[in-house]
Amino acid sequence: MARFIFITGGVVSSLGKGLASAALGSLLQARGYSVRLRKLDPYLNVDPGTMSPFEHGEVFITDDGAETDLDLGHYERFTGVPARMTDSVSSGRIYSNVLERERRGDYLGKTIQVVPHVTNEIKDFISIGEDEVDFMLCEIGGTVGDIEGLPFFEAIRQFSHDKPRGQCIFMHLTLLPYLAASGELKTKPTQHSVKELQSIGIAPDILVCRSEQPIPEKEREKIALFCNVRKEAVVAAYDLKSIYEAPLAYHREGLDQAVLDAFGIAPAPRPDLSKWDDVADRIYNADGEVNIAIVGKYTQLEDAYKSVKEALTHGGLANKVKVNVKWVDSEVFDNGDAAPYLEGFHAILVPGGFGERGTEGKIKAAQFARERKVPYLGICLGMQMAVIEAARNAAGLTTAGSEEFDHEAGEKRFEPVVYHLKEWVQGNATVRRKETDDKGGTMRLGAYNATLAEGSKVAQVYGSTAIEERHRHRYEVDTKYREQLEACGLQFSGMSPDGRLPEIVEWKDHPWFIGVQFHPELKSKPFDPHPLFKDFVRAAVEASRLV
(Lines give C-alpha, C1' and ligand atoms only; values in the text may rest on other atoms or scores of the structure.)
Protein backbone atom coordinates (compact mmCIF):
# COMPACT_ATOMS: atom_id res chain seq x y z
CA MET A 1 0.00 0.00 0.00
CA ALA A 2 1.49 3.32 -1.09
CA ARG A 3 2.18 6.22 1.21
CA PHE A 4 0.76 9.46 -0.21
CA ILE A 5 2.49 12.84 -0.33
CA PHE A 6 0.25 15.74 -1.39
CA ILE A 7 2.16 18.78 -2.68
CA THR A 8 0.36 22.11 -2.59
CA GLY A 9 1.52 25.62 -3.39
CA GLY A 10 1.20 29.07 -1.94
CA VAL A 11 2.84 32.07 -3.60
CA VAL A 12 5.14 29.99 -5.77
CA SER A 13 5.56 29.23 -9.46
CA SER A 14 4.27 25.98 -10.93
CA LEU A 15 7.87 25.12 -11.82
CA GLY A 16 8.69 25.32 -8.11
CA LYS A 17 6.08 22.67 -7.24
CA GLY A 18 6.82 20.48 -10.25
CA LEU A 19 10.55 20.63 -9.66
CA ALA A 20 10.24 19.95 -5.93
CA SER A 21 7.95 16.99 -6.61
CA ALA A 22 10.34 15.57 -9.21
CA ALA A 23 13.42 16.10 -7.02
CA LEU A 24 11.73 14.49 -4.03
CA GLY A 25 10.72 11.52 -6.17
CA SER A 26 14.32 11.07 -7.29
CA LEU A 27 15.56 11.27 -3.68
CA LEU A 28 13.14 8.58 -2.54
CA GLN A 29 14.29 6.44 -5.47
CA ALA A 30 17.88 6.99 -4.39
CA ARG A 31 16.94 5.37 -1.07
CA GLY A 32 15.57 2.32 -2.87
CA TYR A 33 11.85 3.15 -2.84
CA SER A 34 9.54 2.93 -5.86
CA VAL A 35 7.61 6.10 -6.72
CA ARG A 36 4.93 7.43 -9.03
CA LEU A 37 4.18 11.12 -9.53
CA ARG A 38 0.78 12.49 -10.37
CA LYS A 39 -0.60 15.93 -11.35
CA LEU A 40 -4.08 17.16 -10.41
CA ASP A 41 -4.83 20.27 -12.47
CA PRO A 42 -7.72 22.37 -11.09
CA TYR A 43 -8.26 24.21 -14.37
CA LEU A 44 -11.13 23.35 -16.68
CA ASN A 45 -9.32 22.29 -19.84
CA VAL A 46 -10.23 18.67 -20.50
CA ASP A 47 -7.46 18.39 -23.06
CA PRO A 48 -4.27 20.51 -22.72
CA GLY A 49 -3.57 19.66 -26.36
CA THR A 50 -6.20 22.16 -27.51
CA MET A 51 -4.54 25.06 -25.69
CA SER A 52 -2.07 27.55 -27.12
CA PRO A 53 1.52 27.14 -25.90
CA PHE A 54 1.30 30.79 -24.83
CA GLU A 55 -1.49 29.77 -22.44
CA HIS A 56 -0.20 26.49 -21.08
CA GLY A 57 3.42 26.05 -22.12
CA GLU A 58 4.51 22.72 -23.54
CA VAL A 59 2.10 19.82 -23.97
CA PHE A 60 3.83 16.67 -22.76
CA ILE A 61 2.91 13.34 -24.38
CA THR A 62 2.92 9.96 -22.63
CA ASP A 63 3.55 6.57 -24.22
CA ASP A 64 -0.14 5.73 -24.01
CA GLY A 65 -1.14 8.90 -25.85
CA ALA A 66 -2.19 11.37 -23.17
CA GLU A 67 -1.68 15.10 -23.77
CA THR A 68 -0.64 16.39 -20.38
CA ASP A 69 0.95 19.19 -18.38
CA LEU A 70 4.66 19.97 -18.79
CA ASP A 71 5.25 19.07 -15.12
CA LEU A 72 4.99 15.41 -16.12
CA GLY A 73 8.11 16.04 -18.20
CA HIS A 74 9.95 17.03 -15.04
CA TYR A 75 8.67 13.92 -13.30
CA GLU A 76 10.02 11.67 -16.06
CA ARG A 77 13.33 13.50 -16.44
CA PHE A 78 14.12 13.23 -12.73
CA THR A 79 12.79 9.77 -11.93
CA GLY A 80 12.98 7.93 -15.26
CA VAL A 81 9.49 6.51 -14.57
CA PRO A 82 7.40 6.73 -17.78
CA ALA A 83 4.27 8.78 -17.15
CA ARG A 84 0.87 7.30 -17.94
CA MET A 85 -2.52 8.64 -18.92
CA THR A 86 -3.64 8.08 -15.33
CA ASP A 87 -0.92 10.37 -13.97
CA SER A 88 -2.62 13.61 -14.96
CA VAL A 89 -6.18 14.85 -14.66
CA SER A 90 -7.87 18.24 -14.96
CA SER A 91 -11.06 19.43 -13.31
CA GLY A 92 -12.59 19.45 -16.80
CA ARG A 93 -11.98 15.71 -17.09
CA ILE A 94 -13.33 15.14 -13.58
CA TYR A 95 -16.55 17.07 -14.27
CA SER A 96 -16.90 15.35 -17.66
CA ASN A 97 -16.66 11.93 -15.99
CA VAL A 98 -19.24 12.90 -13.35
CA LEU A 99 -21.69 14.10 -16.02
CA GLU A 100 -21.21 10.92 -18.03
CA ARG A 101 -21.94 8.85 -14.92
CA GLU A 102 -25.07 10.91 -14.26
CA ARG A 103 -26.29 10.35 -17.83
CA ARG A 104 -25.77 6.60 -17.45
CA GLY A 105 -27.82 6.64 -14.26
CA ASP A 106 -24.93 5.64 -11.97
CA TYR A 107 -26.15 8.04 -9.27
CA LEU A 108 -29.73 6.67 -9.27
CA GLY A 109 -31.33 10.05 -9.91
CA LYS A 110 -29.64 11.84 -7.00
CA THR A 111 -28.79 15.54 -7.15
CA ILE A 112 -25.20 15.84 -8.35
CA GLN A 113 -23.02 17.93 -6.04
CA VAL A 114 -19.37 18.84 -5.70
CA VAL A 115 -19.39 16.92 -2.41
CA PRO A 116 -19.56 13.95 -2.60
CA HIS A 117 -19.72 13.26 -6.34
CA VAL A 118 -16.90 15.43 -7.69
CA THR A 119 -14.65 14.82 -4.68
CA ASN A 120 -15.24 11.06 -4.90
CA GLU A 121 -14.23 11.13 -8.57
CA ILE A 122 -10.99 12.89 -7.61
CA LYS A 123 -10.33 10.38 -4.82
CA ASP A 124 -10.90 7.49 -7.21
CA PHE A 125 -8.33 9.00 -9.56
CA ILE A 126 -5.77 9.40 -6.77
CA SER A 127 -6.23 5.74 -5.79
CA ILE A 128 -5.35 4.34 -9.23
CA GLY A 129 -2.31 2.07 -8.94
CA GLU A 130 -1.76 2.71 -5.23
CA ASP A 131 -0.65 -0.90 -4.67
CA GLU A 132 2.11 -0.63 -7.31
CA VAL A 133 4.57 1.68 -5.54
CA ASP A 134 5.96 2.64 -2.14
CA PHE A 135 5.24 6.37 -2.50
CA MET A 136 2.63 8.24 -4.53
CA LEU A 137 3.39 11.94 -4.95
CA CYS A 138 0.37 14.03 -5.97
CA GLU A 139 0.91 17.64 -6.98
CA ILE A 140 -2.13 19.95 -6.82
CA GLY A 141 -1.87 22.61 -9.52
CA GLY A 142 -2.52 26.28 -8.91
CA THR A 143 -2.35 28.13 -5.61
CA VAL A 144 -4.18 27.57 -2.36
CA GLY A 145 -7.16 29.93 -2.33
CA ASP A 146 -7.90 29.60 -6.06
CA ILE A 147 -11.61 28.95 -6.48
CA GLU A 148 -10.89 26.25 -9.07
CA GLY A 149 -8.81 24.26 -6.60
CA LEU A 150 -11.32 24.00 -3.76
CA PRO A 151 -12.82 20.62 -4.82
CA PHE A 152 -9.29 19.18 -5.09
CA PHE A 153 -8.24 20.43 -1.66
CA GLU A 154 -11.45 19.03 -0.17
CA ALA A 155 -10.82 15.71 -1.94
CA ILE A 156 -7.28 15.30 -0.58
CA ARG A 157 -8.49 16.32 2.90
CA GLN A 158 -11.11 13.57 2.75
CA PHE A 159 -8.63 11.12 1.23
CA SER A 160 -6.16 11.57 4.10
CA HIS A 161 -9.04 11.19 6.58
CA ASP A 162 -10.17 7.94 4.91
CA LYS A 163 -6.71 6.36 5.02
CA PRO A 164 -5.10 4.90 8.14
CA ARG A 165 -3.25 7.42 10.29
CA GLY A 166 0.27 8.07 9.04
CA GLN A 167 -0.35 7.05 5.44
CA CYS A 168 -0.71 10.59 4.03
CA ILE A 169 1.29 13.76 4.55
CA PHE A 170 1.04 17.28 3.14
CA MET A 171 3.93 19.30 1.75
CA HIS A 172 3.36 23.00 1.07
CA LEU A 173 5.57 25.24 -1.09
CA THR A 174 5.69 28.96 -0.41
CA LEU A 175 7.79 31.99 -1.26
CA LEU A 176 9.88 33.98 1.20
CA PRO A 177 10.27 37.34 -0.57
CA TYR A 178 13.43 39.32 0.14
CA LEU A 179 13.07 43.07 0.56
CA ALA A 180 16.39 44.56 -0.52
CA ALA A 181 15.47 47.99 0.88
CA SER A 182 15.28 46.68 4.44
CA GLY A 183 17.51 43.61 3.93
CA GLU A 184 14.97 41.15 5.38
CA LEU A 185 13.04 38.03 4.44
CA LYS A 186 9.30 38.35 4.90
CA THR A 187 7.51 35.36 6.44
CA LYS A 188 4.00 36.82 6.37
CA PRO A 189 3.10 35.45 2.87
CA THR A 190 4.01 31.97 4.13
CA GLN A 191 2.01 32.41 7.33
CA HIS A 192 -1.06 33.59 5.41
CA SER A 193 -0.72 30.80 2.86
CA VAL A 194 -0.59 28.16 5.60
CA LYS A 195 -3.50 29.84 7.39
CA GLU A 196 -5.54 29.60 4.16
CA LEU A 197 -4.67 25.91 3.89
CA GLN A 198 -5.57 25.26 7.53
CA SER A 199 -8.92 27.01 7.07
CA ILE A 200 -9.98 24.27 4.64
CA GLY A 201 -8.90 21.50 7.00
CA ILE A 202 -5.37 20.74 5.79
CA ALA A 203 -2.37 21.15 8.07
CA PRO A 204 0.99 20.92 6.26
CA ASP A 205 3.56 18.53 7.69
CA ILE A 206 6.46 20.01 5.69
CA LEU A 207 7.08 23.54 4.39
CA VAL A 208 9.38 24.11 1.43
CA CYS A 209 10.30 27.79 1.31
CA ARG A 210 11.59 29.30 -1.92
CA SER A 211 14.16 31.98 -1.17
CA GLU A 212 16.90 33.95 -2.90
CA GLN A 213 18.72 34.46 0.40
CA PRO A 214 19.77 32.06 3.21
CA ILE A 215 17.01 31.65 5.80
CA PRO A 216 18.29 32.76 9.22
CA GLU A 217 17.68 30.39 12.13
CA LYS A 218 15.46 33.00 13.78
CA GLU A 219 13.18 33.19 10.73
CA ARG A 220 13.07 29.40 10.45
CA GLU A 221 11.95 29.13 14.08
CA LYS A 222 9.35 31.84 13.50
CA ILE A 223 7.90 30.01 10.48
CA ALA A 224 7.81 26.73 12.43
CA LEU A 225 6.08 28.35 15.41
CA PHE A 226 3.37 30.25 13.54
CA CYS A 227 2.75 27.56 10.90
CA ASN A 228 2.62 24.72 13.45
CA VAL A 229 5.36 22.53 11.92
CA ARG A 230 8.60 21.20 13.35
CA LYS A 231 11.64 23.40 12.72
CA GLU A 232 13.36 20.47 10.95
CA ALA A 233 10.40 20.35 8.56
CA VAL A 234 11.01 23.90 7.31
CA VAL A 235 13.11 23.19 4.21
CA ALA A 236 14.85 25.92 2.24
CA ALA A 237 14.73 25.89 -1.56
CA TYR A 238 17.31 28.28 -2.94
CA ASP A 239 17.72 29.41 -6.54
CA LEU A 240 20.10 27.11 -8.43
CA LYS A 241 22.34 27.44 -11.46
CA SER A 242 20.80 24.27 -12.91
CA ILE A 243 17.54 22.50 -12.11
CA TYR A 244 19.51 19.23 -12.11
CA GLU A 245 21.23 20.30 -8.91
CA ALA A 246 17.82 20.19 -7.18
CA PRO A 247 18.03 16.59 -5.85
CA LEU A 248 21.43 17.30 -4.26
CA ALA A 249 20.31 20.69 -2.94
CA TYR A 250 17.08 19.34 -1.43
CA HIS A 251 19.01 16.45 0.13
CA ARG A 252 21.46 18.90 1.72
CA GLU A 253 18.49 20.81 3.15
CA GLY A 254 16.96 17.58 4.50
CA LEU A 255 13.77 17.29 2.45
CA ASP A 256 13.89 13.51 2.04
CA GLN A 257 14.70 13.06 5.73
CA ALA A 258 11.80 15.36 6.68
CA VAL A 259 9.47 13.16 4.60
CA LEU A 260 10.73 9.96 6.22
CA ASP A 261 10.37 11.54 9.68
CA ALA A 262 6.80 12.64 8.88
CA PHE A 263 5.92 9.04 8.02
CA GLY A 264 7.86 7.70 11.00
CA ILE A 265 10.14 5.60 8.79
CA ALA A 266 13.28 4.73 10.73
CA PRO A 267 15.79 3.44 10.09
CA ALA A 268 15.74 4.21 6.36
CA PRO A 269 18.19 3.17 3.61
CA ARG A 270 20.96 5.66 2.89
CA PRO A 271 20.57 7.42 -0.48
CA ASP A 272 22.81 6.64 -3.45
CA LEU A 273 23.17 10.00 -5.20
CA SER A 274 26.13 9.05 -7.39
CA LYS A 275 24.28 9.63 -10.67
CA TRP A 276 23.29 13.13 -9.57
CA ASP A 277 26.85 13.82 -8.44
CA ASP A 278 27.97 12.84 -11.95
CA VAL A 279 25.36 15.13 -13.53
CA ALA A 280 26.47 18.04 -11.33
CA ASP A 281 30.11 17.38 -12.20
CA ARG A 282 29.31 17.51 -15.92
CA ILE A 283 27.38 20.75 -15.46
CA TYR A 284 30.05 22.58 -13.51
CA ASN A 285 33.14 21.12 -15.19
CA ALA A 286 32.27 21.32 -18.88
CA ASP A 287 35.16 21.03 -21.34
CA GLY A 288 33.75 23.60 -23.77
CA GLU A 289 30.57 25.10 -25.15
CA VAL A 290 28.48 25.19 -28.32
CA ASN A 291 25.91 27.65 -29.63
CA ILE A 292 22.65 26.19 -30.94
CA ALA A 293 19.73 28.13 -32.44
CA ILE A 294 16.16 27.00 -31.80
CA VAL A 295 14.17 28.49 -34.67
CA GLY A 296 10.49 28.59 -33.68
CA LYS A 297 7.48 30.83 -33.34
CA TYR A 298 6.66 30.44 -29.65
CA THR A 299 10.02 31.85 -28.59
CA GLN A 300 8.43 34.51 -26.35
CA LEU A 301 7.55 31.73 -23.88
CA GLU A 302 10.43 29.31 -23.40
CA ASP A 303 8.15 26.82 -21.59
CA ALA A 304 6.58 26.09 -24.99
CA TYR A 305 9.78 24.23 -25.90
CA LYS A 306 10.74 23.09 -22.40
CA SER A 307 11.58 19.47 -23.23
CA VAL A 308 13.57 20.50 -26.32
CA LYS A 309 15.76 22.85 -24.29
CA GLU A 310 16.26 20.26 -21.56
CA ALA A 311 17.12 17.54 -24.10
CA LEU A 312 19.80 19.82 -25.56
CA THR A 313 21.16 20.25 -22.04
CA HIS A 314 21.23 16.45 -21.69
CA GLY A 315 23.10 16.19 -25.01
CA GLY A 316 25.59 18.68 -23.61
CA LEU A 317 26.02 16.61 -20.43
CA ALA A 318 26.74 13.51 -22.53
CA ASN A 319 29.46 15.40 -24.44
CA LYS A 320 30.61 17.33 -21.34
CA VAL A 321 29.99 20.69 -23.00
CA LYS A 322 27.76 23.61 -22.13
CA VAL A 323 24.97 24.19 -24.67
CA ASN A 324 24.16 27.87 -25.17
CA VAL A 325 20.63 28.02 -26.59
CA LYS A 326 19.52 31.08 -28.54
CA TRP A 327 15.83 31.49 -29.31
CA VAL A 328 15.32 32.76 -32.87
CA ASP A 329 11.86 33.91 -33.97
CA SER A 330 11.25 32.38 -37.40
CA GLU A 331 8.81 35.16 -38.34
CA VAL A 332 11.64 37.68 -38.36
CA PHE A 333 12.99 36.33 -41.65
CA ASP A 334 9.77 34.98 -43.17
CA ASN A 335 10.24 37.44 -46.03
CA GLY A 336 13.96 38.03 -45.78
CA ASP A 337 17.39 36.42 -45.64
CA ALA A 338 17.97 33.97 -42.79
CA ALA A 339 21.77 34.22 -42.91
CA PRO A 340 22.18 37.33 -40.69
CA TYR A 341 20.19 35.60 -37.95
CA LEU A 342 21.74 32.13 -38.22
CA GLU A 343 25.41 32.70 -39.01
CA GLY A 344 27.73 31.84 -36.16
CA PHE A 345 25.65 29.01 -34.72
CA HIS A 346 27.18 25.54 -34.53
CA ALA A 347 23.81 23.81 -35.07
CA ILE A 348 20.17 24.63 -35.83
CA LEU A 349 17.06 22.99 -34.37
CA VAL A 350 13.55 23.58 -35.72
CA PRO A 351 10.92 22.24 -33.26
CA GLY A 352 7.26 21.36 -33.69
CA GLY A 353 4.34 23.71 -33.99
CA PHE A 354 0.98 24.27 -35.62
CA GLY A 355 -0.31 26.72 -38.24
CA GLU A 356 1.28 28.60 -41.13
CA ARG A 357 2.61 31.57 -39.19
CA GLY A 358 6.41 31.56 -39.17
CA THR A 359 6.77 28.51 -41.42
CA GLU A 360 8.50 30.32 -44.32
CA GLY A 361 11.23 31.31 -41.85
CA LYS A 362 11.56 27.68 -40.74
CA ILE A 363 11.89 26.58 -44.39
CA LYS A 364 14.66 29.15 -44.86
CA ALA A 365 16.38 27.87 -41.70
CA ALA A 366 16.37 24.35 -43.18
CA GLN A 367 17.75 25.69 -46.47
CA PHE A 368 20.50 27.59 -44.66
CA ALA A 369 21.50 24.47 -42.71
CA ARG A 370 21.48 22.29 -45.84
CA GLU A 371 23.48 24.66 -48.02
CA ARG A 372 25.96 25.74 -45.33
CA LYS A 373 26.44 22.17 -44.00
CA VAL A 374 25.35 23.21 -40.50
CA PRO A 375 24.05 20.35 -38.28
CA TYR A 376 20.25 20.42 -38.37
CA LEU A 377 17.59 18.63 -36.32
CA GLY A 378 13.98 19.06 -37.40
CA ILE A 379 11.28 17.80 -35.04
CA CYS A 380 7.72 17.15 -36.28
CA LEU A 381 6.88 20.39 -38.13
CA GLY A 382 10.64 20.95 -38.36
CA MET A 383 10.93 17.74 -40.40
CA GLN A 384 8.00 18.73 -42.62
CA MET A 385 9.56 22.13 -43.32
CA ALA A 386 12.84 20.41 -44.27
CA VAL A 387 10.94 18.20 -46.74
CA ILE A 388 9.11 21.19 -48.22
CA GLU A 389 12.45 22.99 -48.58
CA ALA A 390 13.92 19.97 -50.37
CA ALA A 391 10.88 19.71 -52.65
CA ARG A 392 11.04 23.40 -53.60
CA ASN A 393 14.78 23.92 -53.94
CA ALA A 394 16.12 20.48 -54.88
CA ALA A 395 13.28 18.57 -56.55
CA GLY A 396 11.84 21.49 -58.56
CA LEU A 397 8.38 21.43 -56.92
CA THR A 398 8.28 25.21 -56.51
CA THR A 399 4.73 25.30 -55.10
CA ALA A 400 5.35 22.58 -52.50
CA GLY A 401 3.66 23.14 -49.17
CA SER A 402 1.36 21.61 -46.57
CA GLU A 403 -2.37 20.93 -46.63
CA GLU A 404 -2.40 22.39 -43.13
CA PHE A 405 -1.67 25.85 -44.53
CA ASP A 406 -4.34 25.55 -47.24
CA HIS A 407 -6.91 24.38 -44.69
CA GLU A 408 -6.05 27.34 -42.47
CA ALA A 409 -6.32 29.83 -45.35
CA GLY A 410 -9.43 28.23 -46.84
CA GLU A 411 -7.96 28.09 -50.36
CA LYS A 412 -5.64 25.81 -52.33
CA ARG A 413 -2.24 27.42 -52.88
CA PHE A 414 0.31 24.60 -52.47
CA GLU A 415 1.18 21.24 -53.90
CA PRO A 416 0.67 19.16 -50.74
CA VAL A 417 3.87 17.20 -50.06
CA VAL A 418 2.53 17.21 -46.48
CA TYR A 419 -1.08 16.04 -46.14
CA HIS A 420 -3.73 15.56 -43.44
CA LEU A 421 -3.25 12.12 -41.92
CA LYS A 422 -6.53 10.25 -42.26
CA GLU A 423 -5.60 6.66 -41.38
CA TRP A 424 -2.90 4.82 -39.48
CA VAL A 425 -2.33 1.56 -37.62
CA GLN A 426 -2.31 1.57 -33.82
CA GLY A 427 -1.62 -1.83 -32.33
CA ASN A 428 -3.94 -4.25 -34.10
CA ALA A 429 -6.50 -1.61 -35.08
CA THR A 430 -6.79 0.99 -37.83
CA VAL A 431 -7.47 4.56 -36.66
CA ARG A 432 -9.37 6.90 -38.97
CA ARG A 433 -9.70 10.67 -38.74
CA LYS A 434 -11.58 13.34 -40.73
CA GLU A 435 -10.56 16.97 -41.18
CA THR A 436 -13.89 17.99 -39.63
CA ASP A 437 -13.27 16.07 -36.37
CA ASP A 438 -12.92 18.02 -33.14
CA LYS A 439 -9.33 19.14 -32.56
CA GLY A 440 -8.86 17.72 -29.06
CA GLY A 441 -7.29 14.28 -28.82
CA THR A 442 -7.60 13.49 -32.56
CA MET A 443 -3.94 13.48 -33.51
CA ARG A 444 -1.62 10.53 -33.86
CA LEU A 445 -0.62 10.42 -30.21
CA GLY A 446 1.69 8.31 -28.09
CA ALA A 447 4.39 5.72 -28.74
CA TYR A 448 4.72 4.07 -32.17
CA ASN A 449 7.39 1.80 -33.65
CA ALA A 450 9.57 2.71 -36.60
CA THR A 451 11.98 0.74 -38.79
CA LEU A 452 15.29 2.37 -39.76
CA ALA A 453 17.20 1.80 -42.99
CA GLU A 454 20.37 -0.28 -42.67
CA GLY A 455 23.49 1.89 -42.92
CA SER A 456 21.62 5.16 -42.43
CA LYS A 457 22.85 7.91 -40.13
CA VAL A 458 19.93 7.41 -37.72
CA ALA A 459 20.55 3.66 -37.54
CA GLN A 460 24.12 4.47 -36.47
CA VAL A 461 22.89 7.04 -33.95
CA TYR A 462 20.38 4.64 -32.36
CA GLY A 463 22.58 1.56 -32.74
CA SER A 464 19.47 -0.27 -33.91
CA THR A 465 17.03 -0.49 -36.81
CA ALA A 466 13.95 -0.83 -34.57
CA ILE A 467 12.88 2.09 -32.36
CA GLU A 468 9.82 3.36 -30.49
CA GLU A 469 9.10 7.10 -30.16
CA ARG A 470 6.26 9.39 -29.09
CA HIS A 471 4.15 11.24 -31.65
CA ARG A 472 1.83 14.23 -31.71
CA HIS A 473 0.74 15.35 -35.18
CA ARG A 474 -2.15 15.54 -37.66
CA TYR A 475 -0.13 15.99 -40.84
CA GLU A 476 2.31 13.63 -42.54
CA VAL A 477 4.82 13.69 -45.41
CA ASP A 478 3.24 12.13 -48.51
CA THR A 479 5.17 9.05 -49.70
CA LYS A 480 4.11 9.64 -53.31
CA TYR A 481 6.91 12.23 -53.49
CA ARG A 482 9.47 9.87 -51.97
CA GLU A 483 11.07 8.79 -55.27
CA GLN A 484 11.56 12.39 -56.45
CA LEU A 485 13.02 13.49 -53.14
CA GLU A 486 15.33 10.51 -52.74
CA ALA A 487 16.64 11.10 -56.27
CA CYS A 488 17.83 14.49 -55.00
CA GLY A 489 19.59 12.93 -51.99
CA LEU A 490 16.93 13.23 -49.24
CA GLN A 491 16.72 9.68 -47.85
CA PHE A 492 13.56 8.39 -46.15
CA SER A 493 15.63 6.56 -43.55
CA GLY A 494 12.86 5.69 -41.09
CA MET A 495 9.37 4.37 -41.86
CA SER A 496 6.43 2.98 -39.91
CA PRO A 497 6.55 -0.84 -39.75
CA ASP A 498 3.91 -1.09 -42.50
CA GLY A 499 6.02 1.20 -44.74
CA ARG A 500 3.23 3.75 -45.20
CA LEU A 501 4.29 6.65 -42.96
CA PRO A 502 7.66 8.45 -43.14
CA GLU A 503 9.22 8.78 -39.69
CA ILE A 504 12.73 10.09 -40.46
CA VAL A 505 14.47 11.84 -43.35
CA GLU A 506 18.16 12.72 -43.73
CA TRP A 507 20.42 14.27 -46.34
CA LYS A 508 23.03 11.76 -47.50
CA ASP A 509 25.67 14.34 -48.46
CA HIS A 510 25.38 16.37 -45.27
CA PRO A 511 27.51 15.96 -42.11
CA TRP A 512 24.37 15.86 -39.90
CA PHE A 513 20.92 16.74 -41.21
CA ILE A 514 18.03 14.73 -39.74
CA GLY A 515 14.30 15.37 -39.56
CA VAL A 516 12.00 13.25 -37.39
CA GLN A 517 8.20 13.15 -37.34
CA PHE A 518 8.13 12.21 -33.64
CA HIS A 519 9.27 14.03 -30.49
CA PRO A 520 12.54 12.50 -29.21
CA GLU A 521 12.93 15.25 -26.62
CA LEU A 522 10.13 13.72 -24.54
CA LYS A 523 12.19 10.63 -23.65
CA SER A 524 15.50 12.32 -22.83
CA LYS A 525 16.85 12.43 -19.26
CA PRO A 526 19.97 14.02 -17.72
CA PHE A 527 21.40 10.62 -16.73
CA ASP A 528 20.16 8.96 -19.95
CA PRO A 529 20.32 11.48 -22.85
CA HIS A 530 18.34 10.67 -25.98
CA PRO A 531 20.63 9.27 -28.72
CA LEU A 532 19.55 11.88 -31.28
CA PHE A 533 20.29 14.81 -28.98
CA LYS A 534 23.51 13.24 -27.79
CA ASP A 535 24.77 12.87 -31.37
CA PHE A 536 23.33 16.22 -32.49
CA VAL A 537 25.35 18.03 -29.83
CA ARG A 538 28.41 15.94 -30.77
CA ALA A 539 27.98 17.15 -34.35
CA ALA A 540 27.69 20.73 -33.06
CA VAL A 541 30.95 20.27 -31.14
CA GLU A 542 32.67 19.09 -34.34
CA ALA A 543 31.24 22.06 -36.23
CA SER A 544 32.53 24.42 -33.54
CA ARG A 545 36.05 23.15 -34.11
CA LEU A 546 35.80 23.96 -37.82
CA VAL A 547 34.79 27.58 -37.28
Side-chain angles (χ1 to χ4, degrees), residues 61-63 73 76-77 79-82 244 274-275 278-279 282 286-288 290 292 307-308 310-321 323 346-352 369 373-380 382-383 386 446-472 477 486 489-499 501-545:
I61 307 300
T62 61
D63 282 335
E76 276 205 25
R77 282 187 282 273
T79 66
V81 178
Y244 299 116
S274 55
K275 71 178 180 182
D278 179 59
V279 168
R282 290 173 179 272
D287 293 334
V290 292
I292 296 179
S307 289
V308 171
E310 295 308 320
L312 286 172
T313 299
H314 306 161
L317 294 175
N319 290 278
K320 213 167 185 184
V321 296
V323 176
H346 304 130
I348 295 168
L349 187 151
V350 177
K373 305 297 184 185
V374 178
Y376 175 93
L377 176 58
I379 297 173
C380 200
M383 167 185 162
Y448 288 86
N449 295 325
T451 303
L452 311 185
E454 292 277 1
S456 62
K457 169 71 77 173
V458 290
Q460 295 172 23
V461 169
Y462 277 97
S464 174
T465 56
I467 63 170
E468 183 185 76
E469 293 285 0
R470 296 178 188 175
H471 293 67
R472 182 179 183 250
V477 173
E486 290 200 322
L490 185 68
Q491 181 186 8
F492 283 52
S493 54
M495 300 291 293
S496 60
D498 61 7
L501 303 178
E503 296 280 9
I504 307 173
V505 296
E506 60 183 67
W507 280 102
K508 290 182 178 180
D509 61 349
H510 194 285
W512 211 102
F513 190 112
I514 294 174
V516 297
Q517 185 59 71
F518 45 82
H519 289 270
E521 70 274 17
L522 300 179
K523 296 178 76 170
S524 188
K525 303 166 188 67
F527 44 82
D528 184 20
H530 191 283
L532 276 173
F533 282 90
K534 181 178 178 179
D535 206 60
F536 179 56
V537 174
R538 180 202 57 76
V541 172
E542 285 192 9
S544 72
R545 292 170 181 159

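Scanning both residues, L522 and S307, for their nearest heavy atoms gives CD2-OG, 3.8 Å. When all heavy atoms of A453 and Q491 are compared, the pair lying nearest together is CB-NE2, 3.7 Å. Of all heavy-atom pairs spanning A347 and F536, the tightest one is CB-CZ, 3.5 Å. Here the closest heavy-atom approach between residue R77 and residue S524 is recorded as CG-O, 3.4 Å. The heavy-atom pair separating I379 from P520 by the smallest distance is CG2-CD, 4.2 Å. Here the closest non-hydrogen pair linking Q517 and C380 is NE2-SG, 3.4 Å.
The side-chain hydrogen bond (donor to acceptor under 3.5 Å, both in side chains) search around D278 returns R282, not counting sequence neighbours. Considering only residues two or more places apart in sequence or on other chains, E76 meets the side-chain hydrogen bond (donor to acceptor under 3.5 Å, both in side chains) condition with R470. Evaluation of the side-chain contact (heavy atoms from CB on, under 4.5 Å) rule for A369 yields I348, V374, Y376, F513 as partners, not counting sequence neighbours. Remark: F492 engages no residue in a ring-ring contact (aromatic ring centres under 6.0 Å, His included) (not counting sequence neighbours).
Under the 6.0 Å cut-off for aromatic ring centres, H314 and Y244 qualify, their centroids lying closer than that.
Looking at heavy atoms from C-beta onward, L349 lies in side-chain contact with F533 at the 4.5 angstrom threshold. Using a 4.5 Å heavy-atom cutoff, the side chains of V516 and I504 are in contact. Contact check for Y448 versus S496: no side-chain heavy atoms found under the 4.5 Å cut-off. Residues E521 and P351 are not in side-chain contact: their nearest non-hydrogen atoms beyond the backbone lie 4.5 Å or more apart.
Atom CG of L532 is separated from atom CG of L377 by 6.5 Å, given to the nearest 0.5 angstrom.
Judged as a side chain to side chain donor-acceptor pair (under 3.5 Å), the pairs with a partner in residues 449-468 (not counting sequence neighbours) are, in order, Y462-E469. The side chain to side chain donor-acceptor pair (under 3.5 Å) analysis of residues 501-516, with sequence neighbours excluded, yields the pairs R444-E503, H471-E503, S493-E506, W512-D535.
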side-chain contact (heavy atoms from CB on, under 4.5 Å) evaluation trace for V323 with V537: CA-CA 8 Å; V323 176; V537 174; 4.1 Å; yes
